Colleague: 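Questions regarding the structure given below will be posed in turn.
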Amino acid sequence: MLDIKQIRENPEEIEARLNTRNGEFSLKDVLALDEKRRDIIGDVEQMKAKQNAVSKEIPKLKKKGKDCAPVFAEMKELSAEIKEKDDELKATDEALRNALLYIPNLPNNDICLGESDADNREVRRWGEPRQFDFDIKAHWDLGTDLDILDFERAAKVTGARFSAFKGAGARLERALINFMLLMHTNEHGYTEISPPFIVNRASMTGTGQLPKFEEDAFHLEKEDFFLTPTAEVPLTNFHRGEIIDYDDLPVKYTAYTPCFREEAGSAGRDTRGLIRNHQFDKVEMVKFAAPDKSYDELESLTNDAEAILQALEIPYRVVELCTGDIGFSAAKTYDVEVWMPSYGRYVEISSCSNCEDYQARRANIRTRDPETNKTMFVHTLNGSGLAVGRTLAAVLENYQNADGSITIPQKLRHMMGGMEEIR
RNA sequence: GGAGAGAUGUCUGAGCUGGUUGAAGGAGCACGCCUGGAAAGCGUGUGUGCGCGAAAGCGUACCAAGGGUUCGAAUCCCUUUCUCUCCGCCA
């Protein structure tokens, strides 16, 4: 959520910056609601001031033994008027908040301008894509042929865009999860959390999935709960409504969770394999940072994601997303893209974002400025570290052999019970 | 699922027979005194949001959330959420 005071002060500039995003944004409604709201507040607070003043006098009148009936009659009328105004204020408040909830974060001023992923800026590359001297297979064929992935039965059990891991495939997935968590906790200083996989509406609103993107989420109607689309939601909302000790910053959490997405609007895209499913596993990293440190934290967060691919020795590149491609809540985002031989290009495997105070304002997550002792919003960051299904796909494809077997990356072998290859 | 108890500020903890209670006491924090330095001790200060204002400040709201009763609600009533205890069921 953007700061209404900032919007009020220079709406043109904010509107211009918002419109470097994909889509058109107007602050007209917000400004009108804000003005209406302040008008009502002026009136109703004056009435309340009078009500309070008279209320204070009543005990004194009673003590003197005076008749309060005329005062009561007058106050009853005032009370009714206040109630009416208050209702109007509440409705306006709600309308304003709702309008604000639909406005995305302001892109950071320094990120590259652009309309789509075609305009993203490559920041760096690591590793050389391997040259194969045989016809390569895509991971869904490799997995099916080795009987470690089973898409048909997953479709039978549930439906399209679900997958099942079997035997060494299931073990490889578990090894990857464990490997990532160990690295983030032991080497990168994150605290592991095992959060609920189901979250409530307030949490989804706090991180920005709701209200605008409700159709993307799996909804449990009876309880009004949602299957978590990313551990960013439970992790960031861990501190919703709290004031975090400044000395504890940055707070760094990592979690493994399954993630559930409706993938509404992506029909026909990445229909095969592990790239785009309704359910997938992900290890997530979330940070709460002091405002003046958050961009340094974004760099290290991205490095923490990269470290996984470096350890697995799989080539990747890092791109800075342009204004037209960054997500709703993000001010700046780096995508880590892994080399996927069957696609013949780099494919997103992690998205690392600084949301600045956008989520913190929605979710009311604050700290105390040590200088002034005043409360201020923290900055929140999140990044995948990494998407497990896509990592598994990248391992299969990059480590495939001419005979269709898979060599297991060195660093994963001890977590696979010493297994060196899958055949 | 049944019966009961509870939810107060950064934390802890009073108030809950309705009216100078934004809310006692304590802790913490900040500043000052004391000290060679620190601790202890003493003194002072210390909530948040919103509105108006250049500012000082003034006003207003907030005692889990929402509604109600009342001239007036942290205090009374209802609903919801959460926590705890007991019973039942259960991995």
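All values derive from a computational prediction rather than experimental measurement. Letters A, B, ... mirror the listed sequences (proteins, then strands); counts begin at 1.
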Colleague: Considering only the C1' atoms, how many Å lie between A24(B) and A14(B), rounded to the nearest integer?
Modeller: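 So the two C1' atoms sit 6 Å from each other.
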
Colleague: Sugar-phosphate means primed atoms, P, OP1 and OP2; the rest is base. With that split, encode nucleotides 53-58 of chain B 5' to 3' as B, S or - using protein heavy atoms under 4.0 Å.
Modeller: ------

Colleague: Between the protein and nucleotides 18-21 of chain B, which nitrogen or oxygen pairs come in under 3.5 angstrom?
Modeller:
residue : atom : partner  : partner atom : Å
G19(B)  : O6   : Lys62(A) : NZ           : 2.4

Colleague: Considering only residues two or more places apart or on different chains, which pairs with a residue in residues 182-208 of chain A satisfy salt bridge (Lys or Arg N to Asp or Glu O under 4.0 Å)?
Modeller: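 Residue pairs with at least one partner in residues 182-208 of chain A: Arg201(A)-Glu214(A), Arg201(A)-Asp224(A).
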
Colleague: Report the distance from atom CD1 of Ile40(A) to atom P of A61(B), rounded to the nearest whole Å.
Modeller: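 It is 16 Å, rounded to the nearest whole Å.
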
Colleague: What is the distance from CD of Glu242(A) to C1' of U48(B), rounded to the nearest Å?
Modeller: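 One finds 16 Å between C1' of U48(B) and CD of Glu242(A), rounded.
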
Colleague: Going by heavy atoms in the side chains, are Ile41(A) and Leu89(A) under 4.5 Å from each other?
Modeller: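 Answer yes - side chains close enough.
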
Colleague: What is the nucleic acid contact for Lys5(A), judged by heavy atoms within less than 4.0 Å: base, sugar-phosphate only, or nothing?
Modeller: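 Sugar-phosphate contact only.
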
Colleague: With a cut-off of less than 4.0 Å, is there a side-chain N or O of Arg37(A) near OP1 or OP2 of G51(B)?
Modeller: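 Yes, such a contact exists.
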
Colleague: Give the rounded distance in Å between these two atoms: CG of Leu89(A) and P of G59(B).
Modeller: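 These atoms are roughly 20 Å apart.
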
Colleague: Taking only N/O atoms, report every protein-nucleotides 64-67 of chain B pair under 3.5 Å with atom names and distance.
Modeller:
residue : atom : partner  : partner atom : Å
G67(B)  : OP1  : Lys90(A) : NZ           : 2.8

Colleague: Met1(A) has an atom CE; how far is it from atom C1' of G49(B), in whole Å?
Modeller: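 Rounded to whole Å, this separation is 12 Å.
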
Colleague: Which of residues 357-373 of chain A sit near RNA chain B, with a heavy atom under 4.0 Å from it?
Modeller: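 Of all residues in residues 357-373 of chain A, the ones placing a heavy atom under 4.0 Å from RNA chain B are Arg366(A), Arg368(A).
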
Colleague: Is there side-chain contact between Ile14(A) and Leu27(A), with heavy atoms separated by less than 4.5 Å?
Modeller: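 Yes - at least one pair of side-chain heavy atoms lies under 4.5 Å apart.
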
Colleague: Show which side-chain atoms of residues 363-374 of chain A pair as donor or acceptor with protein atoms under 3.5 Å away, not counting sequence neighbours.
Modeller:
residue   : atom : partner   : partner atom : Å
Thr367(A) : OG1  : Ile244(A) : O            : 2.6
Thr367(A) : OG1  : Tyr246(A) : N            : 3.3
Arg368(A) : NH1  : Asn373(A) : O            : 3.2
Asp369(A) : OD1  : Glu371(A) : N            : 2.8
Thr372(A) : OG1  : Lys374(A) : N            : 3.1

Colleague: Do Tyr256(A) and Glu284(A) have side-chain heavy atoms sitting under 4.5 Å apart?
Modeller: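 No; the side chains remain at least 4.5 Å from each other.
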
Colleague: Can you tell me how far the CD atom of Glu77(A) sits from the CD1 atom of Ile82(A), to the nearest 0.5 Å?
Modeller: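 Atom-to-atom, Glu77(A):CD and Ile82(A):CD1 are 11.5 Å apart.
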
Colleague: Return the residues of residues 73-81 of chain A meeting this criterion: a heavy atom under 4.0 Å from some atom of RNA chain B. Order them by number, or give none.
Modeller: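 Listed by number, they are Met75(A), Lys76(A), Ser79(A).
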
Colleague: Heavy atoms, side chains only, cut-off 4.5 Å: are Thr323(A) and Ile326(A) in contact?
Modeller: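 Not touching, per the 4.5 Å side-chain cut-off.
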
Colleague: If I take atom CZ from residue Phe226(A) and atom CG from residue Asn200(A), how far apart are they, to the nearest 0.5 angstrom?
Modeller: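 With rounding to 0.5 Å, CZ (Phe226(A)) is 9.0 Å from CG (Asn200(A)).
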
Colleague: Checking Glu397(A) against Lys137(A) for the salt bridge (charged side-chain N to carboxylate O under 4.0 Å, His left out) test, could you report, in this order, the C-alpha distance in whole Å, the side-chain angles of both residues, the deciding distance, and whether it holds?
Modeller: CA-CA 7 Å; Glu397(A) 294 200 4; Lys137(A) 290 194 206 173; over 6 Å; no

Colleague: For the C1' atoms, the ones on G25(B) and on U8(B), what distance do you get once it is rounded to whole angstrom?
Modeller: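 So the two C1' atoms sit 14 Å from each other.
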
Colleague: Evaluate the side-chain proximity of Met75(A) to Ser79(A): yes if any heavy-atom separation is below 4.5 Å, no if none is.
Modeller: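 Contact flag for Ser79(A)/Met75(A) side chains = no.
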
Colleague: What is the separation between atom CG on Asn200(A) and atom P on U80(B), rounded to the nearest whole Å?
Modeller: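 About 18 Å, once rounded to whole Å.
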
Colleague: Quick one: Lys48(A) NZ to A73(B) P, roughly how many Å, whole number?
Modeller: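 Atom-to-atom, Lys48(A) to A73(B), this comes out as 11 Å.
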
Colleague: Can you confirm whether or not the ring centre of Phe238(A) sits under 6.0 Å from the ring centre of Tyr253(A)?
Modeller: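 Yes: the rings meet the under 6.0 Å criterion.
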
Colleague: Show every donor-acceptor pair shorter than 3.5 Å between a side-chain atom in residues 258-274 of chain A and any protein atom, with sequence neighbours excluded, or say none if there are none.
Modeller:
residue   : atom : partner   : partner atom : Å
Arg261(A) : NE   : Pro229(A) : O            : 3.0
Arg261(A) : NH2  : Pro229(A) : O            : 3.1
Glu263(A) : OE1  : Ser266(A) : OG           : 3.0
Glu263(A) : OE1  : Arg276(A) : NH1          : 3.3
Ser266(A) : OG   : Glu263(A) : O            : 2.9
Asp270(A) : OD1  : Tyr343(A) : OH           : 3.0
Asp270(A) : OD2  : Arg276(A) : NE           : 2.9
Asp270(A) : OD2  : Arg276(A) : NH2          : 3.1

Colleague: Roughly how far apart, to the nearest Å, are A73(B) and A23(B) at atom C1'?
Modeller: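 My reading of the C1' atoms in A73(B) and A23(B) gives 14 Å.
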
Colleague: Compare every heavy atom of Pro211(A) with every heavy atom of Leu101(A), then report the nearest pair and how far apart it is.
Modeller: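 In terms of heavy atoms, the two residues are closest at CB-CD, 3.7 Å.
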
Colleague: Can you list every ring-ring contact (aromatic ring centres under 6.0 Å, His included) pair that touches residues 157-180 of chain A, not counting sequence neighbours?
Modeller: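 Sorted result for residues 157-180 of chain A: Phe162(A)-His278(A).
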
Colleague: Under 4.0 Å from OP1 or OP2 of G72(B): is there any side-chain N or O of Asn52(A) that close?
Modeller: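 It does not, given that no N or O in the side chain of Asn52(A) lies less than 4.0 Å from OP1 or OP2 of G72(B).
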
Colleague: Under a 4.5 Å cut-off applied to non-hydrogen side-chain atoms, are Glu421(A) and Ile406(A) in contact?
Modeller: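 The answer is no, as the side chains (C-beta and beyond) never meet within the 4.5 Å cut-off.
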
Colleague: Asp34(A) and salt bridge (Lys or Arg N to Asp or Glu O under 4.0 Å): which single residue from Lys28(A), Arg8(A), Arg97(A) fits?
Modeller: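 By the salt bridge (Lys or Arg N to Asp or Glu O under 4.0 Å) criterion, Asp34(A) pairs with just one of Lys28(A), Arg8(A), Arg97(A): Arg8(A).
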
Colleague: Just grab all the side chain to side chain donor-acceptor pair (under 3.5 Å) pairs involving residues 51-64 of chain A, residues at least two apart or on different chains.
Modeller: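 Found none.
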
Colleague: So how far is it from Arg362(A) CZ to Asn105(A) CG, rounded to the nearest 0.5 Å?
Modeller: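 Nearest 0.5 Å value for the CZ-CG distance: 9.5 Å.
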
Colleague: Between C42(B) and U48(B), how far is it from one C1' atom to the other, in whole Å?
Modeller: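 Taking atom C1' in both C42(B) and U48(B), they lie 31 Å apart.
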
Colleague: For RNA chain B, find the residues of residues 92-103 of chain A with a heavy-atom distance under 4.0 Å and give them by number; none if there aren't any.
Modeller: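 Close to the strand, none.
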
Colleague: Can you figure out which of U48(B), U60(B), C50(B) approaches the side chain of Lys374(A) most closely?
Modeller: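 The nucleotide sitting nearest to the side chain is U48(B).
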
Colleague: Side-chain contact test, heavy atoms from C-beta onward, threshold under 4.5 Å: evaluate it for Thr254(A) versus Thr185(A) and give yes or no.
Modeller: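 Yes - at least one pair of side-chain heavy atoms lies under 4.5 Å apart.
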
Colleague: How long is the span from the CG atom in Leu386(A) to the CD atom in Glu306(A), to the nearest 0.5 Å?
Modeller: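 So the gap between those two atoms works out to 10.0 Å.
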
Colleague: What is the distance, to the nearest angstrom, from the CG atom on Asp43(A) to the P atom on G59(B)?
Modeller: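 In whole Å, G59(B) P and Asp43(A) CG are 18 Å from each other.
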
Colleague: Is Glu232(A) salt-bridged to Lys282(A), going by a charged N under 4.0 Å from an acidic O?
Modeller: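 No.
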
Colleague: Measure from CG on Asp3(A) to P on G49(B) and round the result to the nearest Å.
Modeller: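 Rounded to the whole Å, the gap is 11 Å.
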
Colleague: Look up atom CG in Asp150(A) and atom NZ in Lys156(A), then write down how far apart they are to the nearest 0.5 Å.
Modeller: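 Answer rounded to 0.5 Å: 8.5 Å.
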
Colleague: How does RNA chain B look in dot-bracket form if you count Watson-Crick and G-U pairs under 3.5 Å, write [ ] for pairs that cross, and put | where a base pairs with another strand?
Modeller: ((((((((.[[[..)...(.....]]]((((((.......))))))((((((....)))))).[[[[[..)....]]]]])))))))....

Colleague: Would you kindly compare Glu45(A) and Ile41(A) by the position of their nearest RNA chain B nucleotide and give the one closer to the 5′ end?
Modeller: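 The residue whose closest nucleotide sits nearer the 5' end is Ile41(A).
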
Colleague: Identify, between Asp34(A) and Ala49(A), the residue whose nearest nucleotide on RNA chain B lies closer to the 5' end.
Modeller: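 In this pair, the answer is Asp34(A).
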
